[in-house]
Amino acid sequence: MKKSYFFTLMLFTLISSFVEAEPNYDEVKQLINKHFIRKNDYSDKSAYLGYKTPNVATLLKSLNEPHTYLKDKDSNIIIFSAKKRCVNNSKIKLSFQKGKLAYLKVSSIGATTTEEKSQYVRNSINNIRSQDNENSRYWIIDLRKNSGGNMWPMLQALSPFFDATQTLGEFHLSSGSITRFGFKDGIAHESTLQKINFQPDTYHLKHQPIGIFVLIDSSVASSAEALAIGLSSLNNVTLVGEKTCGLATVNTPFELSDESILVLTTGEMANIHGKTFKNGIKPSISSLEFSTLIKDFGE
């Protein structure tokens, strides 16, 4: 009997040594429980509950959320919850006569200086101004190969296409609250909060477009998907191409006690009607239909 008791004690001690949680484990799990947008959407519930080895990597991977990850104190990503390939799969080849169609490429911009963000907006506004004439009543706005970054300068750079005050979409947060993004007095806002920390160049189109074709494909991700959502709120916009990547979510960074940073998915993007896009944003017309359509503008 004593041997059996001793053996059980040894076994319990051995198991306990294997399942001892990492230092960050409880901290990360508390943040997930409080802020993660899909608290019950686990790919491996037993891993999430700690039935398997309770380490941070296993915990995050059990969420299966491509927009959630852990960075070390030097901002290097060390753990992805899941990986998703957002590749350029566009079948559209543009060939049209200048002056019949106006064209704007929207490139990604990341964590840059205030002056760089201001210059990004200025360049876009100047590009739009130079093409705004009575002959260019149709526009192509190209979001392809834009994988996201800082949403607000990119949105501000598109301001000439919108009213000075206009709601373009929503953020549905894990707390249950909803904030709205768009423009107020010509400046990019999230609800009542101004999101641009510089005075941007402003311009209003003198010739309102008859139609705007927004090019999307699987390489369009994250904040670039927010641009697609915002643009689609306009009645004269048609989304063209292939479905976007499907990372239309809100991310929030949380600094942990060891100075690492948990970037957690805390909300979902939605259009002005409240529709979310977990699996990507679908185009209204295909690449083939669009290629046929713009032949009328060809050389």
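For clarity, every value in this text was computed on a predicted model and none was experimentally measured.
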Linking I/L/V/M/F/W/Y whenever their side-chain heavy atoms sit closer than 4.5 Å, directly or via other members, would [X] and [Y] fall into one cluster?
| X | Y | result |
| --- | --- | --- |
| Leu231 | Leu205 | yes |
| Tyr103 | Val214 | no |
| Ile92 | Leu104 | no |
| Ile229 | Val250 | yes |
| Phe161 | Ile281 | yes |

Could you measure the distance from the [atom1] atom of [X] to the [atom2] atom of [Y]? Nearest 0.5 Å is fine.
| X | Y | atom1 | atom2 | result |
| --- | --- | --- | --- | --- |
| Ser174 | Glu268 | OG | CD | 10.5 Å |
| Asp44 | Leu63 | CG | CG | 10.5 Å |
| Lys117 | Ile109 | NZ | CD1 | 7.5 Å |
| Ile261 | Asp72 | CD1 | CG | 8.5 Å |
| Leu264 | Leu262 | CG | CG | 5.0 Å |
| Ile216 | Cys245 | CD1 | SG | 12.0 Å |

Answer yes or no: does atom NZ of Lys84 have more than 12 heavy-atom neighbours from other residues, nucleotides or ligands under 6.0 Å?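 More than 12 heavy atoms, drawn from other residues, nucleotides or ligands, come within 6.0 Å of this atom.
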Any ring pair (Phe, Tyr, Trp, His ring centres under 6.0 Å) involving residues 239-277? Give me the pairs, sequence neighbours left out, ordered by first then second residue.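 Listed by first then second residue: His35-Phe254.
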Taking 4.0 angstrom as the limit, do Asp41 and Lys278 come out as a salt bridge?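 Salt bridge: yes.
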Determine whether [X] and [Y] make a side-chain contact, defined as any pair of heavy atoms from C-beta on separated by less than 4.5 Å.
| X | Y | answer |
| --- | --- | --- |
| Leu256 | Leu70 | yes |
| Lys105 | Arg144 | yes |
| Asn64 | Tyr42 | no |
| Leu143 | Leu215 | no |
| Met269 | Thr249 | no |
| Lys61 | Phe80 | no |
| Lys73 | Asp258 | no |
| Gln156 | Pro200 | yes |

Quick one: does [X]'s side chain have a donor or acceptor within less than 3.5 Å of a partner on [Y]'s backbone?
| X | Y | result |
| --- | --- | --- |
| Asn55 | Ala57 | yes |
| Ser219 | Cys86 | no |
| Gln194 | Ile196 | yes |
| Asp163 | Gln166 | no |
| Asn146 | Val220 | no |
| Tyr120 | Ser107 | yes |
| Glu27 | Asn24 | no |
| Thr292 | Leu288 | yes |
| Ser136 | Asn133 | no |

Just by distance, no angles: are the side chains of [X] and [Y] close enough, under 3.5 Å, to form a donor-acceptor pair?
| X | Y | answer |
| --- | --- | --- |
| Thr68 | Ser81 | no |
| Ser124 | Asn127 | no |
| Ser118 | Glu115 | no |

Once side-chain hydrogen bond (donor to acceptor under 3.5 Å, both in side chains) is applied, what residue pairs with a partner in residues 229-248 remain, sequence neighbours excluded?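 Checked against side-chain hydrogen bond (donor to acceptor under 3.5 Å, both in side chains) - neighbours excluded - the pairs reaching residues 229-248 are Glu225-Thr244, Glu242-Ser287.
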So which pairs with a foot in residues 203-215 pass side-chain hydrogen bond (donor to acceptor under 3.5 Å, both in side chains), sequence neighbours left out?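 For residues 203-215, and leaving out neighbouring residues, the side-chain hydrogen bond (donor to acceptor under 3.5 Å, both in side chains) pairs sorted by first residue read Asp132-Tyr203, Asp132-His207.
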Please test Leu168 against Leu155 for side chain to side chain contact (heavy atoms under 4.5 Å, CB included), starting from the C-alpha separation and ending with a verdict. CA-CA 10 Å; Leu168 307 180; Leu155 183 61; 3.7 Å; yes
Does the Lys NZ or Arg CZ of Lys83 fall within the cation-pi geometry relative to Tyr69 - under 6.0 Å from the ring centre and within 45° of the axis?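 So Lys83 doesn't make the cation-pi contact.
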Can Gln30 and Asp26 be said to form a side-chain hydrogen bond (donor to acceptor under 3.5 Å, both in side chains), step by step? CA-CA 6 Å; Gln30 286 175 8; Asp26 291 334; over 6 Å; no
List in chain and number order the residues that pass ring pair (Phe, Tyr, Trp, His ring centres under 6.0 Å) with Phe36, two or more places apart in sequence or in another chain; answer none if no residue qualifies.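 Per chain and number, Phe36 pairs via ring pair (Phe, Tyr, Trp, His ring centres under 6.0 Å) with no residue.
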Nearest heavy-atom neighbours spanning [X] and [Y]:
| X | Y | answer |
| --- | --- | --- |
| Asp201 | Arg122 | OD2-CG, 3.1 Å |
| Gly241 | Pro283 | O-CG, 3.2 Å |
| Asn251 | Thr265 | OD1-OG1, 3.6 Å |
| Met154 | Ser223 | CE-OG, 3.3 Å |

Any disulfide bond (SG atoms under 2.5 Å apart) involving residues 138-170? Give me the pairs, sequence neighbours left out, ordered by first then second residue.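 For residues 138-170, and leaving out neighbouring residues, there are no disulfide bond (SG atoms under 2.5 Å apart) pairs at all.
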Which donor-acceptor pairs under 3.5 Å do the side chains of residues 180-190 make with protein atoms, sequence neighbours left out?
{"unit_1": "His189", "atom_1": "ND1", "unit_2": "Ile187", "atom_2": "O", "d": "2.9"}
{"unit_1": "Glu190", "atom_1": "OE2", "unit_2": "Thr179", "atom_2": "OG1", "d": "2.9"}

